[in-house]
Amino acid sequence: MTLLIKICGLTTPAAVEATVAAGADMAGFVVFPPSPRHVDLARGRALVAPAKGRLQVVALTVDADDALLDDIVAALDPDWLQLHGKETPERVAAVKARLGRPVMKALGIAEAADLAAVPAYAAVADRILFDARPPEDATRPGGLGRAFDWRLLDSLDPGLATMLSGGLDPTNVAEALRITRAPAVDVSSGVERAPGDKDPDKIVDFVRAARAAAATAPAAAGPRA
Ligand SMILES: O=C(O)c1ccccc1NCC(=O)[C@H](O)[C@H](O)COP(=O)(O)O
């Protein structure tokens, strides 16, 4: 099975092209104004157009209401919605039913207790993305370049559709995959020159490192794409 690789927080056509050329599978577009990676809907629409059919487009929001989600779907026509806020399992189910698209739910992890919510979310989401839990005073819940203790995921059912995220970069993704055997990885800060400014060389390095690691330490059994 092939490792699924998502590059998140693309803000320019050059970053989209670099993500395609590097051989990533998914491209994330952040619709959340406080983020340095925020793209408004007009910009998002223009950015995703050349990605269609070459990458799975992921539209990322934080506690968005139905009106905003409808606007995002109309503008970006995403393959996936990523819910990165405090959405409950009931809200995840409602979003999925309303929009008829696969939903990825992000969970912030800092300690074993944070995994208690996994079964409830796994019952309704199409994939669970594990990210580092942000500090209380963070201005955004993701894209912070923070890692968590990957060994916390040891007890998870390997058959779950998951994605490992948080503080990954070209130098540590192999070790993260060795420890977690995750079926999918996601990166933002680790392939940037500065917040919101993707570095094409780092995207290539990340994809290369992740693919090489997956070839030597295949992911645990479970769904990939
Ligand atoms: O990227 C952002 O600015 C962002 C803002 C608000 C919510 C989520 C955000 N990013 C979510 C992602 O999927 C990131 O790729 C993930 O948090 C990992 O980020 P990083 O640790 O910087 O690689």
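What you see below is based on every heavy atom in this structure, not just the backbone, and it leaves out hydrogens, waters and symmetry mates. Both ligands and their constituent atoms are indexed starting at 1 by order of listing.
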Ligand 1 versus Val62: contacting region, heavy-atom distance under 4.0 Å
side chain
For the side chain of [X] and the backbone of [Y], is there at least one donor-acceptor N/O pair under 3.5 Å apart?
X: Arg193; Y: Lys198; value: yes
X: Arg37; Y: Ser188; value: no
X: Lys86; Y: Val62; value: no
X: Arg208; Y: Pro170; value: no
X: Thr19; Y: Ala24; value: no
X: Arg140; Y: Pro34; value: no

Before accepting this row, confirm whether a basic side-chain N of the pair Arg91/Asp65 lies closer than 4.0 Å to the acidic partner's carboxylate O.
no
Looking only at heavy atoms of [X], does any of them come nearer than 4.0 Å to an atom of ligand 1?
X: Gly28; value: no
X: Ser165; value: yes
X: Gln82; value: yes

State the atoms of ligand 1, each with its element, that fall below the 4.0 Å cut-off from a heavy-atom position in [X].
X: Ser189; answer: 20 (P), 22 (O), 23 (O)
X: Ser35; answer: 2 (C), 3 (O), 5 (C)
X: Lys6; answer: 13 (O)
X: Phe32; answer: 6 (C)
X: Arg146; answer: 21 (O)
X: Gly166; answer: 18 (C), 21 (O)

If you take the nearest heavy atom of each of Gly85, Pro34, Pro141, which one is closest to atom 6 (C) of ligand 1?
Pro141
List in chain and number order the residues that pass side chain to side chain donor-acceptor pair (under 3.5 Å) with Thr61, two or more places apart in sequence or in another chain; answer none if no residue qualifies.
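Partners of Thr61 by the side chain to side chain donor-acceptor pair (under 3.5 Å) criterion come out as none, since no residue qualifies.
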Suppose we screen for salt bridge (Lys or Arg N to Asp or Glu O under 4.0 Å). Which residues come up paired with Glu90, at least two apart in sequence or across chains?
none
Nearest-contact summary for [atom] - protein heavy atom, Å:
atom: atom 23 (O) of ligand 1; answer: Ser188 N, 2.9 Å
atom: atom 4 (C) of ligand 1; answer: Gly142 O, 3.4 Å
atom: atom 19 (O) of ligand 1; answer: Gly143 CA, 3.3 Å
atom: atom 12 (C) of ligand 1; answer: Cys8 SG, 3.6 Å
atom: atom 15 (O) of ligand 1; answer: Asp186 OD2, 2.7 Å

Find out if a path of hydrophobic residues (ILVMFWY) with successive side-chain heavy-atom gaps under 4.5 Å connects Leu60 to Val57.
no
Which residue is it: Asp79, Asp77, Asp126? I am looking for the one with a side chain to side chain donor-acceptor pair (under 3.5 Å) to Arg101.
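Among Asp79, Asp77, Asp126, the one meeting side chain to side chain donor-acceptor pair (under 3.5 Å) with Arg101 is Asp77.
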Return yes or no for this condition: an N or O of Pro36 is under 3.5 Å from an N or O of ligand 1.
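So ligand 1 has no N or O lying under 3.5 Å from an N or O of Pro36.
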Look only at interatomic distance and state if Gly145 has a nitrogen or oxygen under 3.5 Å from any nitrogen or oxygen of ligand 1.
yes
